[in-house]
Amino acid sequence: MKNILIYIFGVSAIMAIEKPDYKVIQNYGKVEIREYKPMVIAKTNVNQSYGVAQSEGFRRIAGYIFGGNDKKMSIAMTAPVISQKLSTDFEEHEVLFVMPKDYAMSMLPQPIVDNVKLEERSLSRVAVIQFGGWATEDRVIDYQKKLETKITELNLSKTGNFMVAQYNSPWALPPFRHNEILVQIK
């Protein structure tokens, strides 16, 4: 019984985390076309392999929101953590957190480390495919291919790199995990 209560409270806490606003434009089964509102992000670039970049990028930005800033201010965690490989030739990944909607860029404290930056970002229109389990590099590549196939079938054009959005804490069990692959489209 105690484990069930811990699970219920854990899931409730995860569900209460703020997520970016978007509007579903069209739904094609497992693929959605969404329109996102502009957002403020904290980001870092990591020159490592996918798995290492995820961990290192998360650690850097978590440091910023948990008080590693010029005001020693804590900022609420949001979901998802988003990452993208910036180049097909190099292992450079961008990892970012979306800042809570209540914060305009001018209201946020400045990072105290050089490798975390704040900026306004507009995803605009994206194609999205969702999947559960762990977002391993192999699974991410598999779902990117599925999304790219659907984009081609729909006669759409992608305009950026694929992004991986992970919504859960590292402690969430695979059957309860929620991930997405997103890519900007024209």
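Predicted model, so just to flag it, every value in this text is computed and none were measured.
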Asks: Any side-chain heavy-atom pair from L118 and Y103 closer than 4.5 angstrom?
Replies: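 Contact flag for L118/Y103 side chains = no.
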Asks: I want to check something: taking the side chain as every heavy atom from C-beta on, are E148 and K150 in contact at a cut-off of under 4.5 Å?
Replies: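 With C-beta onward as the side chain, the pair stays apart.
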Asks: Taking the hydrophobic residues Ile, Leu, Val, Met, Phe, Trp and Tyr, and joining any pair whose side-chain heavy atoms are under 4.5 Å apart, which ones share a cluster with F90?
Replies: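 ILVMFWY cluster around F90 holds nothing else.
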Asks: May I ask you to test the V126-Y36 pair for a side-chain heavy-atom distance under 4.5 Å?
Replies: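 Yes, side chains in contact.
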Asks: May I ask you to test the L147-V31 pair for a side-chain heavy-atom distance under 4.5 Å?
Replies: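 Yes - at least one pair of side-chain heavy atoms lies under 4.5 Å apart.
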Asks: Can you establish whether the number of heavy atoms outside K37 located under 6.0 Å from its atom NZ is more than 12?
Replies: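 Open.
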Asks: Any ion pair linking K85 and E92 (charged N to carboxylate O, less than 4.0 Å)?
Replies: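 Here E92 does not pair with K85 in a salt bridge, since their nearest N and O are not under 4.0 Å apart.
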Asks: Donor-acceptor check, side chain of T44 to backbone of V95, threshold 3.5 angstrom: yes or no?
Replies: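 No, T44 side chain to V95 backbone: no donor-acceptor pair under 3.5 Å.
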Asks: Contact between V113 and V116 at the side-chain level, heavy atoms closer than 4.5 Å - yes or no?
Replies: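 Contact flag for V113/V116 side chains = yes.
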Asks: Using the side-chain contact (heavy atoms from CB on, under 4.5 Å) rule, take R139 and E137 through it: C-alpha gap first, then chi angles, then the decisive distance, then the call.
Replies: CA-CA 6 Å; R139 294 193 81 222; E137 187 170 18; over 6 Å; no
Asks: Is it true that a side-chain atom of R34 and a backbone atom of A127 form a donor plus acceptor pair closer than 3.5 Å?
Replies: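 Not confirmed, R34 side chain does not pair with A127 backbone.
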Asks: Does atom CG of D70 have more than 12 heavy-atom neighbours from other groups under 6.0 Å away?
Replies: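 Yes.
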Asks: What distance do Q48 atom CD and N45 atom CG have between them, rounded to the nearest 0.5 Å?
Replies: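 Rounded to the nearest 0.5 Å, the CD-CG separation comes out at 12.5 Å.
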Asks: List, one per line, each side-chain donor-acceptor pair under 3.5 Å for residues 49-56, sequence neighbours excluded.
Replies:
residue, atom, partner, partner atom, Å
Y50, OH, A135, O, 2.6
Q54, OE1, S83, OG, 3.2
Q54, OE1, Q166, NE2, 3.1
Q54, NE2, S83, OG, 3.0
E56, OE1, R59, NE, 3.2
E56, OE1, R59, NH2, 3.1
E56, OE2, R59, NH2, 2.4
E56, OE2, R60, NE, 3.1

Asks: Side chains of Y167 and N179: does their closest heavy-atom pair fall under 4.5 Å?
Replies: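 Not touching, per the 4.5 Å side-chain cut-off.
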Asks: Ion pair present between E35 and R125, side-chain N to carboxylate O less than 4.0 angstrom?
Replies: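 Salt bridge: yes.
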Asks: With heavy-atom distances below 4.5 Å as the criterion, would you say the side chains of M163 and Q184 are in contact?
Replies: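 A side-chain contact under 4.5 Å exists here.
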Asks: Are the side chains of H93 and L86 in touch, meaning some heavy atoms are under 4.5 Å apart?
Replies: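 No - every pair of side-chain heavy atoms lies 4.5 Å or more apart.
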